[in-house]
Amino acid sequence: MDSHLIQPLIAFLISAFVAARAYRRKSLEFSGAVAGLAVMTLHIAVGYRYGAVLLVFFFTSSKLTKVGEEKKRRVDPEFKEGGQRNWIQVLSNAGISSVLVVVLWRLTGLEERCLDSKESVLVTALMGGVIGHFSCCNGDTWSSELGILSDDQPRLITTFKPVRKGTNGGVTKAGLLAAAAAGSVIGLAFVLVGFLTTKCTYDVALKQLFVIPLSTLAGLCGSVIDSLLGATLQFSGFCTVRNKVVGKPGPTVKKISGLNFLDNNAVNVVSILITTILTSIACIYVF
(Lines give C-alpha, C1' and ligand atoms only; values in the text may rest on other atoms or scores of the structure.)
Protein backbone atom coordinates (compact mmCIF):
# COMPACT_ATOMS: atom_id res chain seq x y z
CA MET A 1 0.00 0.00 0.00
CA ASP A 2 1.16 3.53 -0.81
CA SER A 3 2.64 5.08 2.35
CA HIS A 4 0.68 8.28 1.68
CA LEU A 5 -2.57 6.31 2.05
CA ILE A 6 -1.75 4.69 5.40
CA GLN A 7 -2.39 7.74 7.59
CA PRO A 8 -5.74 8.65 5.90
CA LEU A 9 -6.84 5.02 6.28
CA ILE A 10 -5.88 4.98 9.96
CA ALA A 11 -7.70 8.30 10.33
CA PHE A 12 -10.90 6.91 8.80
CA LEU A 13 -10.87 3.74 10.91
CA ILE A 14 -10.32 5.64 14.18
CA SER A 15 -12.95 8.22 13.27
CA ALA A 16 -15.52 5.63 12.26
CA PHE A 17 -15.07 3.81 15.57
CA VAL A 18 -15.32 7.01 17.64
CA ALA A 19 -18.34 8.34 15.72
CA ALA A 20 -20.23 5.03 15.96
CA ARG A 21 -19.45 4.74 19.67
CA ALA A 22 -20.55 8.33 20.31
CA TYR A 23 -23.82 7.74 18.44
CA ARG A 24 -24.57 4.59 20.45
CA ARG A 25 -23.85 6.44 23.70
CA LYS A 26 -26.05 9.38 22.65
CA SER A 27 -23.20 11.88 22.64
CA LEU A 28 -23.98 12.58 18.97
CA GLU A 29 -27.17 12.53 16.93
CA PHE A 30 -26.96 10.71 13.58
CA SER A 31 -26.23 13.94 11.68
CA GLY A 32 -23.60 14.81 14.28
CA ALA A 33 -21.99 11.39 13.92
CA VAL A 34 -21.73 11.82 10.12
CA ALA A 35 -20.26 15.31 10.48
CA GLY A 36 -17.97 14.08 13.25
CA LEU A 37 -16.71 11.24 11.06
CA ALA A 38 -15.78 13.75 8.35
CA VAL A 39 -13.99 16.30 10.56
CA MET A 40 -12.19 13.68 12.65
CA THR A 41 -10.92 11.89 9.54
CA LEU A 42 -9.70 15.17 8.10
CA HIS A 43 -7.84 16.26 11.25
CA ILE A 44 -6.15 12.91 11.92
CA ALA A 45 -5.25 12.43 8.25
CA VAL A 46 -3.48 15.80 8.02
CA GLY A 47 -1.60 15.45 11.32
CA TYR A 48 -1.80 13.25 14.39
CA ARG A 49 -1.46 16.30 16.66
CA TYR A 50 -4.54 17.90 15.12
CA GLY A 51 -6.47 14.68 15.57
CA ALA A 52 -5.24 14.38 19.15
CA VAL A 53 -6.46 17.82 20.24
CA LEU A 54 -9.82 17.25 18.55
CA LEU A 55 -10.26 13.88 20.26
CA VAL A 56 -9.18 15.26 23.65
CA PHE A 57 -11.78 18.02 23.27
CA PHE A 58 -14.48 15.58 22.19
CA PHE A 59 -13.89 12.90 24.83
CA THR A 60 -13.40 15.23 27.81
CA SER A 61 -16.32 17.46 26.85
CA SER A 62 -18.64 14.50 26.23
CA LYS A 63 -17.70 13.03 29.60
CA LEU A 64 -18.25 16.28 31.48
CA THR A 65 -21.57 16.88 29.73
CA LYS A 66 -22.92 13.75 31.43
CA VAL A 67 -21.73 14.77 34.90
CA GLY A 68 -24.55 16.07 37.10
CA GLU A 69 -27.23 15.56 34.46
CA GLU A 70 -30.13 15.88 36.90
CA LYS A 71 -28.93 19.25 38.14
CA LYS A 72 -28.35 20.45 34.58
CA ARG A 73 -31.81 19.25 33.52
CA ARG A 74 -33.38 21.57 36.11
CA VAL A 75 -31.36 24.59 34.94
CA ASP A 76 -30.74 24.20 31.19
CA PRO A 77 -33.83 24.71 28.96
CA GLU A 78 -32.05 23.03 26.02
CA PHE A 79 -30.84 20.03 28.02
CA LYS A 80 -30.45 16.80 26.05
CA GLU A 81 -29.71 13.45 27.66
CA GLY A 82 -26.06 12.65 27.03
CA GLY A 83 -25.56 16.10 25.51
CA GLN A 84 -26.45 14.86 22.02
CA ARG A 85 -24.88 17.14 19.41
CA ASN A 86 -26.12 17.56 15.85
CA TRP A 87 -24.18 18.45 12.69
CA ILE A 88 -24.59 22.19 13.28
CA GLN A 89 -22.97 21.95 16.72
CA VAL A 90 -20.19 19.73 15.37
CA LEU A 91 -19.35 22.19 12.60
CA SER A 92 -19.67 25.15 15.00
CA ASN A 93 -16.94 23.56 17.11
CA ALA A 94 -14.75 22.16 14.33
CA GLY A 95 -15.53 24.08 11.14
CA ILE A 96 -12.84 26.76 11.47
CA SER A 97 -10.14 24.25 12.42
CA SER A 98 -11.16 22.09 9.45
CA VAL A 99 -10.42 25.00 7.12
CA LEU A 100 -7.06 25.55 8.83
CA VAL A 101 -5.95 21.92 8.52
CA VAL A 102 -6.96 21.83 4.84
CA VAL A 103 -4.70 24.84 4.24
CA LEU A 104 -1.94 23.16 6.26
CA TRP A 105 -2.32 20.04 4.13
CA ARG A 106 -1.93 22.11 0.97
CA LEU A 107 1.19 23.79 2.38
CA THR A 108 2.94 20.83 4.03
CA GLY A 109 1.37 17.69 2.59
CA LEU A 110 1.26 15.17 5.43
CA GLU A 111 4.62 16.28 6.84
CA GLU A 112 4.56 17.03 10.57
CA ARG A 113 6.16 20.41 11.29
CA CYS A 114 7.28 22.06 14.51
CA LEU A 115 6.09 25.52 15.50
CA ASP A 116 8.93 27.63 14.11
CA SER A 117 8.38 31.07 12.58
CA LYS A 118 11.94 31.08 11.21
CA GLU A 119 11.00 28.13 8.99
CA SER A 120 7.52 29.36 8.06
CA VAL A 121 5.46 32.17 9.58
CA LEU A 122 2.27 31.05 7.81
CA VAL A 123 2.51 27.41 8.88
CA THR A 124 3.26 28.45 12.47
CA ALA A 125 0.28 30.82 12.48
CA LEU A 126 -2.05 28.13 11.11
CA MET A 127 -0.85 25.56 13.64
CA GLY A 128 -1.28 28.12 16.40
CA GLY A 129 -4.79 28.72 15.14
CA VAL A 130 -5.67 25.04 15.54
CA ILE A 131 -4.30 25.08 19.09
CA GLY A 132 -6.25 28.22 19.96
CA HIS A 133 -9.37 26.85 18.33
CA PHE A 134 -9.58 23.72 20.45
CA SER A 135 -8.33 25.46 23.59
CA CYS A 136 -11.29 27.81 23.23
CA CYS A 137 -13.76 24.98 22.51
CA ASN A 138 -12.53 22.93 25.43
CA GLY A 139 -12.31 25.92 27.76
CA ASP A 140 -15.85 27.04 27.01
CA THR A 141 -17.28 23.54 27.45
CA TRP A 142 -15.44 22.75 30.69
CA SER A 143 -16.35 26.17 32.05
CA SER A 144 -20.04 25.71 31.23
CA GLU A 145 -20.36 22.09 32.31
CA LEU A 146 -18.47 22.46 35.61
CA GLY A 147 -19.41 26.05 36.37
CA ILE A 148 -23.12 25.24 36.39
CA LEU A 149 -22.49 22.54 39.00
CA SER A 150 -20.53 24.89 41.26
CA ASP A 151 -22.07 26.20 44.48
CA ASP A 152 -20.69 29.65 43.61
CA GLN A 153 -23.17 32.37 42.69
CA PRO A 154 -22.69 33.24 38.98
CA ARG A 155 -22.03 36.89 38.21
CA LEU A 156 -22.69 38.60 34.90
CA ILE A 157 -19.28 39.26 33.37
CA THR A 158 -20.20 42.79 32.21
CA THR A 159 -21.59 44.11 35.50
CA PHE A 160 -20.47 41.52 38.10
CA LYS A 161 -24.04 41.47 39.42
CA PRO A 162 -25.34 38.09 40.70
CA VAL A 163 -27.48 36.22 38.15
CA ARG A 164 -29.32 32.91 38.00
CA LYS A 165 -27.48 29.77 36.93
CA GLY A 166 -27.80 29.20 33.21
CA THR A 167 -27.64 32.92 32.37
CA ASN A 168 -25.53 33.58 29.27
CA GLY A 169 -22.47 35.54 30.31
CA GLY A 170 -22.62 34.40 33.92
CA VAL A 171 -19.23 33.33 35.28
CA THR A 172 -17.88 31.67 38.41
CA LYS A 173 -14.36 31.20 39.77
CA ALA A 174 -14.72 27.45 39.30
CA GLY A 175 -15.79 27.92 35.70
CA LEU A 176 -12.87 30.18 34.86
CA LEU A 177 -10.38 27.81 36.49
CA ALA A 178 -11.95 24.94 34.54
CA ALA A 179 -11.48 26.89 31.30
CA ALA A 180 -7.78 27.41 31.99
CA ALA A 181 -7.34 23.73 32.90
CA ALA A 182 -9.14 22.69 29.73
CA GLY A 183 -6.80 24.79 27.62
CA SER A 184 -3.74 23.31 29.30
CA VAL A 185 -4.95 19.78 28.51
CA ILE A 186 -5.17 20.69 24.83
CA GLY A 187 -1.64 22.09 24.89
CA LEU A 188 -0.30 19.06 26.71
CA ALA A 189 -1.85 16.69 24.15
CA PHE A 190 -0.39 18.70 21.26
CA VAL A 191 3.11 18.71 22.77
CA LEU A 192 3.19 15.04 23.79
CA VAL A 193 1.99 13.77 20.41
CA GLY A 194 4.31 16.23 18.72
CA PHE A 195 7.35 14.82 20.51
CA LEU A 196 6.46 11.42 19.04
CA THR A 197 5.66 12.50 15.49
CA THR A 198 7.87 15.51 14.63
CA LYS A 199 11.58 15.92 14.01
CA CYS A 200 13.23 19.27 14.73
CA THR A 201 16.35 20.63 16.39
CA TYR A 202 16.74 20.39 20.16
CA ASP A 203 16.22 24.13 20.72
CA VAL A 204 13.07 24.22 18.60
CA ALA A 205 11.74 21.03 20.21
CA LEU A 206 12.27 22.44 23.69
CA LYS A 207 10.46 25.62 22.72
CA GLN A 208 7.34 23.59 21.88
CA LEU A 209 6.71 23.38 25.64
CA PHE A 210 5.52 26.99 25.49
CA VAL A 211 2.39 25.62 23.82
CA ILE A 212 1.08 24.53 27.23
CA PRO A 213 0.96 27.96 28.95
CA LEU A 214 -0.18 29.52 25.68
CA SER A 215 -3.08 27.08 25.34
CA THR A 216 -3.95 27.62 29.01
CA LEU A 217 -4.35 31.34 28.33
CA ALA A 218 -6.28 30.58 25.13
CA GLY A 219 -8.73 28.38 27.05
CA LEU A 220 -9.32 31.11 29.62
CA CYS A 221 -9.43 33.88 27.03
CA GLY A 222 -11.87 31.94 24.84
CA SER A 223 -14.21 31.38 27.77
CA VAL A 224 -14.11 35.07 28.71
CA ILE A 225 -14.81 36.14 25.12
CA ASP A 226 -17.69 33.65 24.93
CA SER A 227 -19.11 35.05 28.17
CA LEU A 228 -18.80 38.66 26.97
CA LEU A 229 -20.65 37.80 23.77
CA GLY A 230 -23.25 35.86 25.72
CA ALA A 231 -23.87 38.72 28.12
CA THR A 232 -24.27 41.34 25.40
CA LEU A 233 -25.44 39.77 22.14
CA GLN A 234 -27.29 36.66 23.37
CA PHE A 235 -30.65 36.95 25.10
CA SER A 236 -31.22 35.56 28.59
CA GLY A 237 -34.51 35.76 30.45
CA PHE A 238 -36.36 34.03 33.27
CA CYS A 239 -39.51 32.15 32.29
CA THR A 240 -42.10 32.25 35.08
CA VAL A 241 -43.92 29.24 33.63
CA ARG A 242 -40.93 26.89 33.19
CA ASN A 243 -39.21 28.42 36.22
CA LYS A 244 -35.81 28.51 34.54
CA VAL A 245 -33.55 30.74 32.45
CA VAL A 246 -34.34 30.61 28.72
CA GLY A 247 -32.63 31.96 25.62
CA LYS A 248 -35.60 33.43 23.78
CA PRO A 249 -37.95 36.31 24.67
CA GLY A 250 -41.65 35.65 25.22
CA PRO A 251 -44.78 36.87 27.04
CA THR A 252 -43.89 34.95 30.21
CA VAL A 253 -40.17 35.77 30.07
CA LYS A 254 -38.53 38.54 32.08
CA LYS A 255 -35.32 39.76 30.49
CA ILE A 256 -32.08 39.33 32.42
CA SER A 257 -29.47 40.44 29.90
CA GLY A 258 -28.37 40.55 26.28
CA LEU A 259 -29.78 41.32 22.86
CA ASN A 260 -31.59 38.65 20.88
CA PHE A 261 -28.92 38.79 18.17
CA LEU A 262 -26.80 35.63 18.42
CA ASP A 263 -27.74 32.09 19.40
CA ASN A 264 -25.42 29.73 21.24
CA ASN A 265 -23.88 28.25 18.08
CA ALA A 266 -23.15 31.72 16.67
CA VAL A 267 -21.55 32.82 19.96
CA ASN A 268 -19.34 29.72 19.85
CA VAL A 269 -18.24 30.40 16.27
CA VAL A 270 -17.40 34.06 16.94
CA SER A 271 -15.50 33.35 20.17
CA ILE A 272 -13.58 30.52 18.49
CA LEU A 273 -12.70 32.74 15.54
CA ILE A 274 -11.40 35.55 17.77
CA THR A 275 -9.39 33.16 19.96
CA THR A 276 -8.01 31.40 16.89
CA ILE A 277 -6.76 34.69 15.44
CA LEU A 278 -5.26 35.86 18.75
CA THR A 279 -3.44 32.55 19.31
CA SER A 280 -2.15 32.53 15.73
CA ILE A 281 -0.61 35.97 16.24
CA ALA A 282 0.83 34.96 19.62
CA CYS A 283 2.48 31.87 18.12
CA ILE A 284 4.23 33.94 15.47
CA TYR A 285 5.94 35.98 18.19
CA VAL A 286 6.51 33.16 20.71
CA PHE A 287 7.89 30.63 18.24
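All residue numbers in this chain count up from 1 along the given sequence. Treat the numbers as computed from the prediction; the structure is a model and nothing was measured.
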Is a side-chain donor or acceptor of Gln89 paired with a backbone partner of Asn86 at a separation under 3.5 angstrom?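 Yes; judged by distance alone, with no hydrogens or angles, the pair exists.
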Using modelled atom types and a 3.5 Å cut-off, is there a donor and acceptor pairing between side-chain atoms of Ser227 and backbone atoms of Gly169?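 Side chain of Ser227 to backbone of Gly169, a donor-acceptor pair under 3.5 Å: no, none is there.
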Just jot down the side-chain contact (heavy atoms from CB on, under 4.5 Å) partners of Thr124, sequence neighbours excluded, or say none.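 Applying side-chain contact (heavy atoms from CB on, under 4.5 Å) to Thr124 gives Leu115, Ser117, Cys283, Phe287.
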Tell me, please, which residues at least two apart from Leu273 pass side-chain contact (heavy atoms from CB on, under 4.5 Å).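 Once residues adjacent in sequence are excluded, the partners of Leu273 under the side-chain contact (heavy atoms from CB on, under 4.5 Å) criterion are Ile96, Ile277.
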Could you list all the disulfide (SG to SG under 2.5 Å) pairs where at least one residue sits in [range], not counting sequence neighbours?
{"range": "residues 236-265", "answer": "none"}
{"range": "residues 123-165", "answer": "none"}
{"range": "residues 188-222", "answer": "Cys114-Cys200"}

Name all pairs fulfilling the salt bridge (charged side-chain N to carboxylate O under 4.0 Å, His left out) condition that reach into residues 117-130, sequence neighbours left out, sorted by first residue then second.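 As it turns out, the salt bridge (charged side-chain N to carboxylate O under 4.0 Å, His left out) pairs with a partner in residues 117-130, which skip direct neighbours, are Arg113-Glu119.
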Scan residues 30-52 for pairs that pass salt bridge (charged side-chain N to carboxylate O under 4.0 Å, His left out), counting only residues two or more places apart or in two chains.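 As it turns out, the salt bridge (charged side-chain N to carboxylate O under 4.0 Å, His left out) pairs with a partner in residues 30-52, which skip direct neighbours, are Arg49-Glu112.
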Are the side chains of [X] and [Y] in touch, meaning some heavy atoms are under 4.5 Å apart?
{"X": "Pro213", "Y": "Leu217", "result": "no"}
{"X": "Leu122", "Y": "Leu107", "result": "yes"}
{"X": "Phe238", "Y": "Val246", "result": "no"}
{"X": "Ile225", "Y": "Leu278", "result": "yes"}
{"X": "Asn168", "Y": "Phe235", "result": "no"}
{"X": "Val286", "Y": "Val211", "result": "no"}
{"X": "Leu206", "Y": "Tyr202", "result": "yes"}
{"X": "Phe59", "Y": "Val18", "result": "yes"}

So which atom in [X] and which in [Y] form the shortest heavy-atom distance, rounded to 0.1 Å?
{"X": "Ser143", "Y": "Ala179", "answer": "CB-CB, 4.0 Å"}
{"X": "Pro8", "Y": "Ala45", "answer": "CA-CB, 3.9 Å"}
{"X": "Gly230", "Y": "Val267", "answer": "N-CG1, 4.4 Å"}
{"X": "Gly222", "Y": "Ser271", "answer": "O-CB, 4.2 Å"}
{"X": "Gly132", "Y": "Thr276", "answer": "C-OG1, 4.4 Å"}
{"X": "Asp152", "Y": "Lys165", "answer": "O-CE, 3.9 Å"}

In Å and rounded to the nearest 0.5 Å, what is the [atom1] to [atom2] distance from [X] to [Y]?
{"X": "Lys244", "Y": "Thr167", "atom1": "NZ", "atom2": "OG1", "value": "13.0 Å"}
{"X": "Met127", "Y": "Asp116", "atom1": "CE", "atom2": "CG", "value": "9.5 Å"}
{"X": "Leu104", "Y": "Leu126", "atom1": "CG", "atom2": "CG", "value": "4.5 Å"}
{"X": "Ser62", "Y": "Arg25", "atom1": "OG", "atom2": "CZ", "value": "10.5 Å"}
{"X": "Ser92", "Y": "Asn265", "atom1": "OG", "atom2": "CG", "value": "4.0 Å"}
{"X": "Leu233", "Y": "Asp263", "atom1": "CG", "atom2": "CG", "value": "11.5 Å"}

Are [X] and [Y] in one and the same hydrophobic cluster, where Ile, Leu, Val, Met, Phe, Trp and Tyr link if side-chain heavy atoms are under 4.5 Å apart?
{"X": "Val90", "Y": "Leu100", "result": "yes"}
{"X": "Val53", "Y": "Leu55", "result": "yes"}
{"X": "Leu54", "Y": "Ile10", "result": "yes"}
{"X": "Leu262", "Y": "Ile88", "result": "no"}
{"X": "Val103", "Y": "Val101", "result": "yes"}

Any pair counted as side-chain hydrogen bond (donor to acceptor under 3.5 Å, both in side chains), so long as it reaches residues 125-140, sequence neighbours left out: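 Every side-chain hydrogen bond (donor to acceptor under 3.5 Å, both in side chains) pair that includes a residue of residues 125-140, provided the two are not neighbours, is Thr60-Asn138, Ser61-Asn138, Asn138-Trp142.
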According to side chain to side chain donor-acceptor pair (under 3.5 Å), who are the partners of Thr279, at least two apart in sequence or on a separate chain?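 Thr279: no side chain to side chain donor-acceptor pair (under 3.5 Å) contacts found.
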Would you give me the side-chain donor-acceptor pairs under 3.5 Å for residues 184-197, sequence neighbours excluded?
{"from": "Ser184", "atom 1": "OG", "to": "Ala181", "atom 2": "O", "distance (Å)": "2.6"}
{"from": "Thr197", "atom 1": "OG1", "to": "Val193", "atom 2": "O", "distance (Å)": "2.9"}

Which class fits the ring pair Phe57 and Phe134: parallel under 30°, tilted 30 to 60°, perpendicular over 60°?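 Phe57 and Phe134: tilted rings.
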Could you list the donor-acceptor pairs under 3.5 angstrom formed by side chains in residues 153-161, with sequence neighbours left out?
{"from": "Gln153", "atom 1": "NE2", "to": "Val163", "atom 2": "O", "distance (Å)": "2.6"}
{"from": "Arg155", "atom 1": "NH1", "to": "Phe160", "atom 2": "O", "distance (Å)": "2.9"}
{"from": "Thr159", "atom 1": "OG1", "to": "Lys161", "atom 2": "N", "distance (Å)": "3.3"}

Scan the side chains in residues 31-44 for donor-acceptor partners under 3.5 Å anywhere in the protein, sequence neighbours excluded, and list what turns up.
{"from": "Ser31", "atom 1": "OG", "to": "Trp87", "atom 2": "N", "distance (Å)": "3.2"}
{"from": "Thr41", "atom 1": "OG1", "to": "Ser15", "atom 2": "OG", "distance (Å)": "3.4"}
{"from": "Thr41", "atom 1": "OG1", "to": "Leu37", "atom 2": "O", "distance (Å)": "2.7"}
{"from": "His43", "atom 1": "ND1", "to": "Val39", "atom 2": "O", "distance (Å)": "2.7"}
{"from": "His43", "atom 1": "NE2", "to": "Ser97", "atom 2": "OG", "distance (Å)": "2.8"}

Tell me, with the steps shown, if Tyr23 and Glu29 meet side-chain contact (heavy atoms from CB on, under 4.5 Å). CA-CA 6 Å; Tyr23 176 67; Glu29 295 181 0; 5.7 Å; no
Walk me through it: do Leu229 and Gln234 pass the test side-chain contact (heavy atoms from CB on, under 4.5 Å)? CA-CA 7 Å; Leu229 292 170; Gln234 187 177 8; over 6 Å; no
